[in-house]
Amino acid sequence: MHCIVSLVYLTCYIASYCFELMFLCRRLGVELGKVQVYQEANRETRVQIEESVRSEDVFIIQTVSKDVNTTIMELLIMVYACRTSCARNIIGVIPYFPYSKQCKMRKRGSIVSKLLASMMCKAGLTHLITMDLHQKEIQGFFNIPVDNLRASPFLLQYIQEEIPDYRNAVIVAKSPASAKRAQSFAERLRLGIAVIHGEAQDAESDLVDGRHSPPAVKNIGAIHPSLEIPLLIPKEKPPITVVGDVGGRIAIIVDDIIDDVDSFLAAAETLKERGAYKIFVMATHGILSSDAPRLIEESAIDEVVVTNTIPHEIQKLQCPKIKTVDISMILSEAIHRIHNGESMSYLFRNIGMDD
């Protein structure tokens, strides 16, 4: 079995991620494929495969660095290079799918994750292995098989083994949108659930002084005089409310991605005010951009637990509160089963349709 691996072309990530790749290859009993990925002086990405992949199964493992667009181009060019080298199957192993938050139409924007899926299929990808897509419906953007693995078994195991008094915990959704994920965790751990709803009200905000008021609009008649379309009442979030009891309990906030930490910090402050004595954050993908490590270190959060779908060794050096859960075991098992034509159902045991 060939396993071609694309290393992220950033010096600060190579050491940590290379270690993870070597660990993955040891599990599979294979060696890393020989490939050169580098950038020209004008920032063009160049890929050179240094061994034959004709009629082979090629697994391209690509993580996401801070330079997301370069990472995507590395992946696309490598997939296309394998396709033109007559590889039998080209399987992308992308634990964190980039642009996954842009999977819905926003005003005059675009569905970028659909565009990215089309590009990957057009380049020659024949199968995709990923983990905890931001919206599981993203699988429908591909016209190839997609295996959306789950990190929740590893995070649940961490809670049971590393939080001694987790029985006194409550699973928290920091917004109603993440309530379904929190419910899944709570049902498996036999714990209660709490949901944070609303937003902080600031008397000095522009909502009060009228700067947020909509501009005057001229009354434009309908196309047909008898047709009057009713106006939709605008949304307005109420003050923050915690639905559920967190007093004297451990609060465990669960989500799929932690990047901009402002919403997590606000949730932690609210939970502290409501009496929670310890606050944990559990997420699959720890992007932790910008000054997120410093903000976490200075916050009321006691611990942030993420998986190693994205390299974050530098963030861990900046913030000792960040802990890592290894998910290489499920990735190696998925690769092994796909290569040998075995069933993948074993990896989705006890995962319902709503999870």
Side-chain angles (χ1 to χ4, degrees), residues 1-10 21 32-40 42-106 108-149 257 285 287 309-310 331 334-335 337-339 341 344:
M1 175 172 60
H2 279 267
C3 187
I4 304 291
V5 179
S6 169
L7 290 180
V8 179
Y9 195 70
L10 288 177
L21 291 176
L32 291 180
K34 297 179 176 63
V35 59
Q36 285 190 11
V37 182
Y38 58 95
Q39 290 182 339
E40 302 281 9
N42 63 353
R43 302 282 293 173
E44 287 186 0
T45 300
R46 185 176 291 273
V47 170
Q48 183 66 41
I49 298 175
E50 299 183 331
E51 61 181 291
S52 175
V53 295
R54 182 178 295 272
S55 300
E56 298 283 358
D57 288 342
V58 179
F59 290 83
I60 301 177
I61 304 175
Q62 180 67 302
T63 184
V64 176
S65 68
K66 288 184 178 180
D67 192 352
V68 179
N69 297 325
T70 299
T71 300
I72 292 170
M73 285 305 300
E74 287 179 357
L75 175 65
L76 294 175
I77 295 172
M78 186 173 292
V79 169
Y80 189 64
C82 292
R83 176 186 172 187
T84 54
S85 298
C86 300
R88 180 176 59 183
N89 292 307
I90 306 169
I91 301 96
V93 183
I94 311 171
Y96 170 66
F97 189 75
Y99 287 97
S100 59
K101 284 190 174 182
Q102 298 188 48
C103 60
K104 295 180 180 180
M105 180 67 76
R106 303 289 185 186
R108 293 183 179 88
S110 60
I111 306 176
V112 183
S113 55
K114 165 64 174 173
L115 171 64
L116 189 55
S118 300
M119 291 167 64
M120 289 181 181
C121 295
K122 189 68 175 178
L125 209 64
T126 61
H127 199 132
L128 176 67
I129 302 173
T130 187
M131 178 165 282
D132 281 350
L133 288 169
H134 186 59
Q135 297 288 341
K136 63 177 183 242
E137 290 77 10
I138 293 175
Q139 296 173 88
F141 294 161
F142 292 85
N143 55 12
I144 58 174
V146 177
D147 287 310
N148 181 27
L149 304 177
I257 300 172
H285 309 296
I287 302 176
T309 56
I310 299 174
L331 289 179
I335 292 171
R337 287 174 174 270
I338 289 173
H339 177 68
M344 297 286 287

Open item on the list: Would you compute the distance between atom CG of L115 and atom CD1 of I111 and round it to the nearest 0.5 angstrom?
Closed with: 10.5 Å

Open item on the list: Checking the side chain of Q62 only, and the main-chain atoms of T71 only, is there a donor and an acceptor separated by less than 3.5 Å?
Closed with: yes

Open item on the list: Determine whether a donor-acceptor pair (N or O, by modelled atom type, separation under 3.5 Å) exists between the side chain of R46 and the backbone of Q36.
Closed with: no

Task: Rounded distance [0.5 Å steps], OH in Y96 versus CG in L133 - done: 10.0 Å

TODO: Please step through side chain to side chain contact (heavy atoms under 4.5 Å, CB included) for the pair M120 and V79, ending with a clear verdict.
DONE: CA-CA 8 Å; M120 289 181 181; V79 169; over 6 Å; no

Task: Distance in Å, Q139 CD paired with D147 CG, rounded so as to fall on 0.5 Å steps - done: 8.0 Å

- [ ] Grab the two heavy atoms, one from M131 and one from H285, that are nearest each other, plus how far apart they are.
- [x] O-NE2, 3.0 Å

Task: Residues which pass ring-ring contact (aromatic ring centres under 6.0 Å, His included) with F142, listed by chain and number, not counting sequence neighbours - done: F97

Task: V112, N69, L116 screened by side chain to side chain contact (heavy atoms under 4.5 Å, CB included) with P98, the one that passes - done: L116

Task: Residue pair I310 / V64: nearest heavy atoms and the distance that separates them - done: CG2-O, 3.5 Å

Task: Rounded distance (nearest 0.5 Å) linking atom CG of L75 with atom OG1 of T70 - done: 12.5 Å

Open item on the list: Looking at H134 and I257, would you say the former's side chain and the latter's main chain have a donor-acceptor pair under 3.5 Å?
Closed with: no

Task: Where C82 and V53 come nearest, the two heavy atoms and their spacing - done: O-CG2, 4.4 Å

Open item on the list: Determine whether a donor-acceptor pair (N or O, by modelled atom type, separation under 3.5 Å) exists between the side chain of S113 and the backbone of Q102.
Closed with: yes

Open item on the list: I'd like to know if the side chain of T63 and the backbone of T309 have a donor-acceptor N/O pair within less than 3.5 Å.
Closed with: yes

Open item on the list: So which atom in T130 and which in I94 form the shortest heavy-atom distance, rounded to 0.1 Å?
Closed with: OG1-O, 2.8 Å

Task: Closest approach of M344 to R337 (non-hydrogen atoms, all atoms of both residues) - done: SD-CB, 3.9 Å

Open item on the list: To the closest 0.5 Å, what do you measure between CZ (F59) and NE2 (H127)?
Closed with: 8.5 Å

Open item on the list: Please determine whether a side-chain nitrogen of the Lys or Arg among R43 and D67 lies less than 4.0 Å from a carboxylate oxygen of the Asp or Glu.
Closed with: yes

- [ ] Could I get the full list of side chain to side chain donor-acceptor pair (under 3.5 Å) partners for N148, not counting sequence neighbours?
- [x] none

Task: Separation of I138 CD1 from K104 NZ (nearest 0.5 Å) - done: 10.0 Å

- [ ] Mark yes when over 12 heavy atoms from residues, nucleotides or ligands other than E137 sit less than 6.0 Å from its CD; otherwise mark no.
- [x] yes

- [ ] With V93 as reference, evaluate I338, I61, I60, L149 under the side chain to side chain contact (heavy atoms under 4.5 Å, CB included) test and give the passing residue.
- [x] I61

Open item on the list: On a heavy-atom basis, which atom in R88 and which in S55 lie closest, and how many Å separate them?
Closed with: CB-C, 3.6 Å

Task: Criterion side chain to side chain contact (heavy atoms under 4.5 Å, CB included) on V146 and F141, from CA distance to verdict - done: CA-CA 10 Å; V146 177; F141 294 161; over 6 Å; no

